[in-house]
Structures are given as C-alpha cells and as structure tokens.
There are 2 protein chains.
Amino acid sequence: MEQLNKFLNYLSAISPISEKAKEAIKNLCSTLHIKKNNNLQSIGQTCRTIYFVVEGTARINYFKEDKDVTEYFAFENDMIIRAESLFTGRPSHKAIQAISDTTFIAIPATPLFELFEKHHEVERLFRKIVERSYVDAINRLESLQFHTAEERYQALIKKSPAVVREIPLKHIASYLGITQVSLSRIRAAIS
Amino acid sequence: MEQLNKFLNYLSAISPISEKAKEAIKNLCSTLHIKKNNNLQSIGQTCRTIYFVVEGTARINYFKEDKDVTEYFAFENDMIIRAESLFTGRPSHKAIQAISDTTFIAIPATPLFELFEKHHEVERLFRKIVERSYVDAINRLESLQFHTAEERYQALIKKSPAVVREIPLKHIASYLGITQVSLSRIRAAIS
DNA sequence: CAATCTCTTTTACATTTGTTAAATAATCAG
DNA sequence: CTGATTATTTAACAAATGTAAAAGAGATTG
C-alpha cells in the first residue's frame, strides 16, 4: 500500500484531488508484477486499462515486417497506455512489455471514466496527464522529423540517461527510428 | 454567425454540451481572417489561445537551421494550437501560418479554462479534443519512426488528398521529414 | 504579354542509413 | 565454471536521402 499512496501523491501533485476522490481512485487500483520480457498486454487486444509504472521499466512495441519496434519507454510514475486503442475503442496492434521485472498499477478505464462524473477534479487530473503525454509526443515528432539520428541519440542521453544505461540498444535504436547497426556506428563515432 | 453556429455544432458532436455552455463558449469566440502566407501567431510568443480553422488551410511551422519545417496541417474544423507552449506556459519556437486565405475562430485559453469550473461538460469536450490530437500525434510518430518516405507520402495522399492538391510541395516534404528534392523523386517513381 | 517570381523537377554527386553476415563481448542457466 | 544464449560491434556493400545547382512550369504583376 505504500507504493499506492506514493503514486496517489504523485498524481495529486499534477492536479489536486480531494481525499474522497483519492479513495475512489485507490479502490480502482490494482497492482501487477510482470517479469522481464513478458507482456502486460498483448497485440490485438483492445486497451481498456490505464497503467502506471511503479517500479521497473516498460515499453510499448509493435512489429513492422517482423521487426520489433519500440514506440515508447516508461519509467517510474510514467503512464503507459495504448492511446490509439483506449481513446478509439479499436484493437491495438501494439503490446506493453516489461523490460525489467516491473510493477504496474492498473486502473480500468470504464469505472475511471465513471468517476469523472462524480469527481470533476479527477477528470481534470486525467486531462492534464493526457496533455503532458501529448506534449511529449509532439516533442518526439519534432525530433524524428528533422533531427539526425545522432542528434536524436544525444538528446535521448541528455533527457534520460537511465534509458541508455538500462535498456538494450536494440530497443533504443528502434525507438530512435534507426537500426541497431546504425546506432552502434553513431556510438562509435561519438566516443 | 452562421460559421460560429456550425462550429459549435461540430464541437457538440464530439461531446455534448448544454445550451448554456454553448452560449458561454460563443461569448469567448472571435473570428480572424488571415491572408495567405501571413502569420496568425509568430515565433517566440507564448501560446494562450486555442484556434480552429473555419475555412482555408493553415500550418504550424518552425525553423531548423534556416530550413522551414512544417509540423502540422489544419483544415476545416481542425484545432490548431502550439500545445508545447499552451500546456507548459513556455514561449513557442513555432509559428501558425495561413497557407491560403484562412478564417480562424480564436478562443482565449484563460477564460476557457475558467469555464471548465462552471461547465464540467466543456472540460470534457476539451479533454476529448486533446485525446484526439494525441492519437493523431501517435499515429504520425509511428509513420515517421518506421515507414519509408514513400510509404508516408502514399499514406498522406490516402488520408488527406486535399493536402496534396492544395498545399505547396515544399511544405509537404518537410511535414514528411524529407527534402523537396526527395519528394519529387518519390512522386516521379510512383507515377 | 513580357518580365519576374515562385514552385517543381531533374541531374550529379556526397552522405547517411540499411542489409547481411561475421566477430566479439556480455549474460545466463545448468 | 562452462556451454549456450543474447547483446553489441564491425565490415562490406546496397539503397535511400541529402545537397547544390540548374532547368522547366506555372502563376503574378505591372
């Protein structure tokens, strides 16, 4: 329960929520442990759950012509959702996978969205979280659109050194939109 | 006023809003006409306004080492905001520019966000709009991350044929993350 | 309608990144 | 500890994209 309280404090720092609302959210939360390299959610499922990483590291990935592509990394406190499924109701062609042994908090979407009716401030909190995710996505778009692979790698090291320390390079390469061979070359050129 | 009503109907189709809320939003709306190639918002300003295109075409652009990069196209009913500024309060290094003579509806953010207090359903509407934008951004990320330039161009033609008909190729090229020369080559190869 | 812009394509060459395969290096399970 | 697996780097060559410059098309204006 310690973890859950810490998580709720983290949320209310984004946008304040009443004690009642906190309790209501708490009642929806469950905790999940997923072992390294196992899937929390599989390709083909429709996403109806909102996850947060409590401890560990996770990613969203999909397959493009047999190649495993990482779309997103999540660390402590990061939300991890397959938005293109959750917000459209369509099945997702992406998976959520634990990179290391990882603990997630899961909040089922339907009762959470129902909470929005009773607790306006929960909807606000969630809106702000989506706004943040949107800003992150836009910043990544900018980096993929017109930065070179080397610039993107340097930016990633700067923004999240943990990524480079803890995550296999093959995942980092596809996250950057390049092959692992290319990333190796870049790393060799830098140092 | 005809345009304004049409716009509000469009909004309430996304998420229903009461007549009262509609009136309140209406009172915040103003209409702006921007001539082709002129800026609605300039680089360096902090974005405190939410715009929608009523008629015409617009884009968000920025400069990367003197090169004009298009980040986003907006057509009729599309929202156009510089989210990385509006949602963070930081100045934007991006501009909003009319591609053709364009009519915008402008809603100042501060009073709109205040409306959220009184009219829960307006916050919900806005949340859903942000969710849609987020999904769009994720889909574009996927396309930039691991599709070839040709695939991206074909997808764009399929998704918005209007883009290719109405927008200068130099803008389309940078939107796709390639040079105009490259886009010309791809077009030549296809036909 | 001629002159001037602007937009688009083409060419030639440079650079980056991809592909495939092999060689190391690091990690893991028995 | 050791063989097996997984991760990372390197090499050689192919393909895609960038750069710079010029030519051709189309639009605009006096």
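We name chains A, B, ... by the order of the sequence lines, and we start the count at 1 in each one. For clarity, every value in this text was computed on a predicted model and none was experimentally measured.
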Given atom [atom1] of [X] and atom [atom2] of [N], what is their separation to the nearest angstrom?
{"X": "Gln180(A)", "N": "dA22(C)", "atom1": "CD", "atom2": "P", "result": "17 Å"}
{"X": "Ile178(A)", "N": "dT19(C)", "atom1": "CD1", "atom2": "P", "result": "12 Å"}
{"X": "His147(A)", "N": "dT16(C)", "atom1": "NE2", "atom2": "P", "result": "17 Å"}
{"X": "Arg185(B)", "N": "dA14(C)", "atom1": "CZ", "atom2": "C1'", "result": "12 Å"}
{"X": "Asp66(A)", "N": "dT20(C)", "atom1": "CG", "atom2": "C1'", "result": "16 Å"}
{"X": "Leu183(B)", "N": "dT9(C)", "atom1": "CG", "atom2": "P", "result": "7 Å"}

Review point. Is any side-chain N or O of Arg187(B) closer than 4.0 Å to OP1 or OP2 of dT9(C)?
Key: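 Yes.
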Should [X] and [Y] count as side-chain neighbours, where that means a heavy-atom distance under 4.5 Å?
{"X": "Leu176(B)", "Y": "Ser143(B)", "answer": "no"}
{"X": "Ser12(A)", "Y": "Lys22(A)", "answer": "yes"}
{"X": "Tyr72(B)", "Y": "Leu141(A)", "answer": "no"}
{"X": "Ile50(B)", "Y": "Phe126(B)", "answer": "yes"}
{"X": "Ile129(B)", "Y": "Phe52(B)", "answer": "yes"}
{"X": "Val181(A)", "Y": "Arg185(A)", "answer": "yes"}

Show me the side-chain donor-acceptor pairs of residues 101-119 of chain B shorter than 3.5 Å, one per line, residues at least two apart or across chains.
{"residue": "Asp101(B)", "atom": "OD1", "partner": "Lys36(B)", "partner atom": "N", "Å": "2.8"}
{"residue": "Thr102(B)", "atom": "OG1", "partner": "Thr57(B)", "partner atom": "N", "Å": "3.1"}
{"residue": "Thr102(B)", "atom": "OG1", "partner": "Thr57(B)", "partner atom": "O", "Å": "2.9"}
{"residue": "Thr102(B)", "atom": "OG1", "partner": "Ser100(B)", "partner atom": "O", "Å": "2.6"}
{"residue": "Thr103(B)", "atom": "OG1", "partner": "His33(B)", "partner atom": "ND1", "Å": "3.1"}
{"residue": "Thr110(B)", "atom": "OG1", "partner": "Arg48(B)", "partner atom": "NH2", "Å": "3.1"}
{"residue": "Glu117(B)", "atom": "OE2", "partner": "Arg124(A)", "partner atom": "NH1", "Å": "3.0"}

Exercise for review: For the helix from dC1(C)-dG30(D) to dG30(C)-dC1(D), figure out the bend between the end axes, five pairs an end, and round to 10 degrees.
Suggested key: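 One end's axis against the other's: 50°.
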**Study point:** DNA chain D-proximal residues of residues 93-101 of chain A, any heavy atom under 4.0 Å
**Key:**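 By residue number: none to list.
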Exercise for review: Could you list by number each residue of residues 163-174 of chain B showing a heavy-atom separation from DNA chain C of less than 4.0 Å, or answer none if no residue does?
Suggested key: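 Those residues whose heavy atoms fall under 4.0 Å from DNA chain C, taken from residues 163-174 of chain B in numerical order, are Pro168(B), Leu169(B), Lys170(B).
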**Study point:** Residue pairs fulfilling ring-ring contact (aromatic ring centres under 6.0 Å, His included) with at least one residue in residues 167-189 of chain A, sequence neighbours excluded
**Key:**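 Only Phe73(A)-Tyr175(A) qualify under ring-ring contact (aromatic ring centres under 6.0 Å, His included).
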Check your understanding: Tell me the ring-ring contact (aromatic ring centres under 6.0 Å, His included) pairs involving residues 137-169 of chain B, sequence neighbours left out?
Key -> none
Check your understanding: Do Lys6(A) and Glu2(A) meet the salt-bridge criterion of a basic N to acidic O distance under 4.0 Å?
Key ->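 The answer is no: the pair does not qualify as a salt bridge.
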Check your understanding: If you measure from OG1 on Thr70(B) to CD1 on Ile167(B), what distance do you get to the nearest 0.5 Å?
Key ->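 Thr70(B) OG1 to Ile167(B) CD1: 8.0 Å, rounded to 0.5 Å.
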Practice item. Any chance you could measure Gln41(B), atom CD, to Ile43(B), atom CD1, to the nearest 0.5 Å? Key: 11.5 Å
Practice item. Taking salt bridge (charged side-chain N to carboxylate O under 4.0 Å, His left out) as the test, write out the residues that go with Lys64(A), two or more places apart. Key: Glu151(B)
Check your understanding: Who passes salt bridge (charged side-chain N to carboxylate O under 4.0 Å, His left out) against Glu150(A), sequence neighbours left out?
Key ->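 If we apply the salt bridge (charged side-chain N to carboxylate O under 4.0 Å, His left out) test to Glu150(A), skipping adjacent residues, there are no hits.
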Check your understanding: How is Ser184(A) classified with respect to the nucleic acid when contacts are heavy atoms under 4.0 Å: base, sugar-phosphate, or nothing?
Key -> base
Practice item. Could you tell me whether Thr179(B) contacts a base, only the sugar-phosphate backbone, or nothing, with contacts defined as non-hydrogen atoms closer than 4.0 Å? Key: base
Point to revise | Start and end of chain B contact along DNA chain D [non-hydrogen atoms, under 4.0 Å] | key: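 Going 5' to 3' along DNA chain D, contacts run dT17(D) to dA20(D).
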Review point. With sequence neighbours excluded, what pairs up with Ser92(A) under the side chain to side chain contact (heavy atoms under 4.5 Å, CB included) test?
Key: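 So Ser92(A) forms a side chain to side chain contact (heavy atoms under 4.5 Å, CB included) with Arg82(A), Glu84(A), Ser85(A), Lys94(A).
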Practice item. Applying side chain to side chain contact (heavy atoms under 4.5 Å, CB included), name anything that partners Ser160(B), two or more places apart in sequence or on another chain. Key: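 Partners of Ser160(B) under the side chain to side chain contact (heavy atoms under 4.5 Å, CB included) test: Leu156(B), Val163(B).
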Give me, pair by pair, the N or O atoms of the protein and of nucleotides 26-30 of chain C that are less than 3.5 Å apart, along with how far apart they are.
none

